[in-house]
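We name chains A, B, ... by the order of the sequence lines, and we start the count at 1 in each one.
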2 protein chains.
Amino acid sequence: MTVSRALRRPDMVSAKLHDRIQAAVRELAYVPDVAASRLASNRTHTIGVIVSSLTNGVFADYINALHDNLLPAGYQVLILSTRYSAEEEEKAIGTLLGQHPEAIIIVGVDQSPHARHLLERSGVPVVQTFQLTDDPIDINVGLDQREAAYAATKALLDLGHRKIGVIASKLDARARARLEGYGRAMHEAGLYDEKWLATTPQQTAVIAGGQLLGEMIERGDRPEAVFCCDDLLALGVLFECQRRGIAVPEEMSIIGFNNLEFAACAYPALATVVTPRYEMGRLAAEIVRKIIESGELPSDNRIDVGFSLELRGSVRRPQ
Amino acid sequence: MTVSRALRRPDMVSAKLHDRIQAAVRELAYVPDVAASRLASNRTHTIGVIVSSLTNGVFADYINALHDNLLPAGYQVLILSTRYSAEEEEKAIGTLLGQHPEAIIIVGVDQSPHARHLLERSGVPVVQTFQLTDDPIDINVGLDQREAAYAATKALLDLGHRKIGVIASKLDARARARLEGYGRAMHEAGLYDEKWLATTPQQTAVIAGGQLLGEMIERGDRPEAVFCCDDLLALGVLFECQRRGIAVPEEMSIIGFNNLEFAACAYPALATVVTPRYEMGRLAAEIVRKIIESGELPSDNRIDVGFSLELRGSVRRPQ
DNA sequence: CGGCGATATGACAGCGCTGTCAATTGGTCC
DNA sequence: GGACCAATTGACAGCGCTGTCATATCGCCG
């Protein structure tokens, strides 16, 4: 016990003993066993994080924010990826719960019933992020993806566009919500037409953007603007326009989603919906720390971090 | 004990009991406690992975390969990021060792002396990846980054270019090795000149590519080709050329590094050095599994996965 | 120099699981 | 029906650490 104390709370042990113990630790190359520590103390100092993808730049700022705000506070951040699969998500949650994290921060609000059951029964505080829901497991920090997509589509309508296409990867729950937002805006304007839809069941990628635009054009009509459900697709669309000699924004307006790093420095700069992903991560980390410290959930269980439109060179000027 | 067996070796219990236990597991949302399991069995089923960045697409395929080859074999993959900092790397290694992983797979070969000491003393098999070294800790799977950069620069020389710039982020150990390869090729050709160097101490990003090209041009001379130490920089350079009205490849050849997803579908398609990152992850996973199963290190402790050049539209045709 | 409170140290149990080995059950054969 | 063997199931200890609470030591005062 004295050794345990000497290592964790040196101030509670006499200087002399502390030195003796440190010497022995070095001599024996002793490393405390976190598994035994966890078992005895019931504290893991671990925050579980579940993201949809480790390879999509969308989660980069978010993960950085979690690191920036949790590591200095002495927490270990355990990140697992679902790779956009409900099955892998359930597995990841199981894996995570086995580690007994002190809180779980998860991307999305549409977990499978079993996944949700696991989370609810676990007793571990859960923060759902990126999207908003009326029925969070515990806490929800996100933005209304449908509303954001609606605003982006509305912006294209306001610029005078009528033939507005949409390009999306259906694999992503956020992208599906955005597709709905686009649909609502177009319906309201009386311009909705299935021929302006191009979606893929595959994971999002730059190449998919070009392919989907190609398909839409080859189906007959050419749109004069496209809303891309993420910036990777938008980049692919931009390249495809260049390849086909379609002038952007003169003949084609492009607006993306998320404001990934390259959007601002593309040529022309890609218009996009700015989502505060770092801020979302920061807030999630802060909330989690407060919950662990106080032992109770905050009363305010739903935070809307909002979004903003950045209309850059890839959309034409107002007429 | 019977429950423990039913969950780990279902074939050793009767089907009836197994069903009953599974039902209870679901009902109770029971998840085994890995800390207790680890303590009792002295097995963690954890492979520690240390990468330089979770946000750089370079590690995406690599991490996917590790997941694909380790998760199905029953291993948990614990990924930590150093964010290109030696200090964070040492911390990550310490954190990892406390978890008693059964093996460690780490990006790079230039660990700090203390980090290396920790790894060597841990008794845990270590696989160093991405680069090659003559003096691996245990096992090394990678490619000669300097040689690859030399080949890329040589390719530009062979196309008849003389004013060849290089653009790099110095934060990345791999990028620094590539810088050397460029230097050697240029020295051999008698064309090395510091005015063709543009580097930043910051993390790589698309925007940095454009900025660095801008700096180089504004310093006076304009190169007729640039070797970018990664594809993000190359993309930034491409956009900057478009912005400045420099025709690619007629007035400027661009070659990148790594063959990230967007390289092939950019317009013009970005020439690049293809690095087999998925293969590298697959090999590392396979080696680790063999070591754990057999309990001994393979005799072949250094595997060169090689590289290849992909000369696409962003470099001019041979004269 | 004894006595007291404060500070430092140590003994013990138990966290949830698994390895070992014993006990039970079930099926088969004479 | 009883004996026997194989297939199942279960009891028990202990992994390395920490929380609790008892014990030892120290510093100070009258």
Side-chain angles (χ1 to χ4, degrees), chain A residues 1-46 48 74-76 78 91 93-104 118 121-124 292-293 295, chain B residues 1-46 48 73-76 78 94-102 121-124 292-293 295:
Chain A
M1 189 56 229
T2 302
V3 172
S4 175
R5 245 186 318 245
L7 296 178
R8 289 178 304 150
R9 303 280 311 273
D11 54 303
M12 287 181 73
V13 166
S14 70
K16 196 178 129 195
L17 223 205
H18 182 248
D19 290 348
R20 263 182 69 207
I21 289 175
Q22 281 298 342
V25 162
R26 196 155 317 140
E27 164 84 14
L28 301 169
Y30 169 83
V31 177
D33 184 324
V34 291
S37 167
R38 134 87 189 98
L39 204 55
S41 71
N42 212 29
R43 286 272 272 149
T44 58
H45 301 279
T46 295
Y75 292 104
Q76 201 212 135
L78 177 51
K91 247 188 243 166
I93 291 171
T95 303
L96 208 50
L97 290 178
Q99 308 277 345
H100 287 256
E102 301 192 8
I104 291 178
L118 277 177
R121 283 296 300 264
S122 70
V124 176
I292 294 173
E293 268 166 39
Chain B
M1 189 58 228
T2 303
V3 172
S4 176
R5 244 187 318 248
L7 296 178
R8 290 178 303 150
R9 304 281 311 273
D11 54 304
M12 288 181 73
V13 302
S14 68
K16 196 178 129 195
L17 223 204
H18 182 247
D19 290 349
R20 262 181 71 208
I21 289 175
Q22 281 299 342
V25 162
R26 272 189 96 82
E27 162 81 16
L28 300 170
Y30 168 83
V31 178
D33 184 324
V34 291
S37 168
R38 136 92 185 92
L39 204 54
S41 70
N42 211 29
R43 288 269 273 147
T44 58
H45 300 280
T46 295
Y75 291 104
Q76 202 214 134
L78 178 50
T95 304
L96 210 50
L97 289 179
Q99 308 278 340
H100 289 257
E102 302 191 9
R121 289 296 299 268
S122 69
V124 177
I292 294 172
E293 269 166 40

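One atom, CG of A:N42, and another, P of C:dA13, lie 21 Å apart when rounded to the nearest Å. Between A:R20 atom CZ and C:dA8 atom P there is a gap of 16 Å when expressed in whole angstrom units. The NE2-P distance, from B:H18 to D:dT9, rounds to 11 Å in whole Å. Atom CZ of A:R38 is separated from atom C1' of C:dG16 by 8 Å (rounded to the nearest Å). Atom CG of B:D19 is separated from atom P of D:dT9 by 12 Å (rounded to the nearest Å). In this structure, A:I21 places its CD1 atom 11 Å from C1' of C:dA8, rounding to the nearest Å. Following rounding to the nearest Å, B:L39 (CG) and C:dG14 (C1') show an atom-to-atom distance of 12 Å. Rounded to whole Å, the distance from CZ on B:R8 to P on C:dG16 is 17 Å.
Listed here is the closest heavy atom pair of A:L97 and A:S122: CD2-CB, 3.5 Å. Of all the heavy atoms in A:L39 and B:D33, the pair that sits closest is CD1-OD2, 4.3 Å. Between A:G74 and A:H45, the closest heavy-atom pair is O-CB, 3.8 Å. Among all heavy-atom pairs drawn from A:V124 and A:A103, the shortest one is CG1-CA, 3.4 Å. Pairing each heavy atom of A:T44 with each of A:P101, the nearest pair is OG1-CA, 3.8 Å.
Close to C:dT18, at under 4.0 Å from its OP1 or OP2, lies a side-chain N or O of B:S37. For B:S4, no side-chain nitrogen or oxygen approaches OP1 or OP2 of C:dC17 to under 4.0 Å. Contact annotation: B:R9 side-chain N/O to D:dT9 OP1/OP2 distance is not under 4.0 Å.
Nucleic acid contact class of B:D33 (heavy atoms, under 4.0 Å, all strands): sugar-phosphate only.
Within 6.0 Å of the CZ atom in A:R43, the count of heavy atoms belonging to other residues, nucleotides or ligands exceeds 12.
Between B:R26 atom CZ and A:R121 atom CZ the span is 12.5 Å, to the nearest 0.5 Å.
Of the two residues near DNA chain D, B:D11 and A:P32, the one whose nearest nucleotide lies more 5' is B:D11.
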For nucleotides 9-11 of chain C, which of its nitrogen or oxygen atoms have a protein nitrogen or oxygen under 3.5 Å away, and what is each distance?
unit_1: C:dT9; atom_1: OP1; unit_2: A:S14; atom_2: OG; d: 2.8
unit_1: C:dT9; atom_1: OP2; unit_2: A:S14; atom_2: N; d: 3.0
unit_1: C:dG10; atom_1: OP2; unit_2: A:T2; atom_2: OG1; d: 3.1
unit_1: C:dG10; atom_1: N7; unit_2: A:R5; atom_2: NH2; d: 3.0
unit_1: C:dG10; atom_1: O6; unit_2: A:R5; atom_2: NH1; d: 3.3
unit_1: C:dG10; atom_1: O6; unit_2: A:R5; atom_2: NH2; d: 3.4

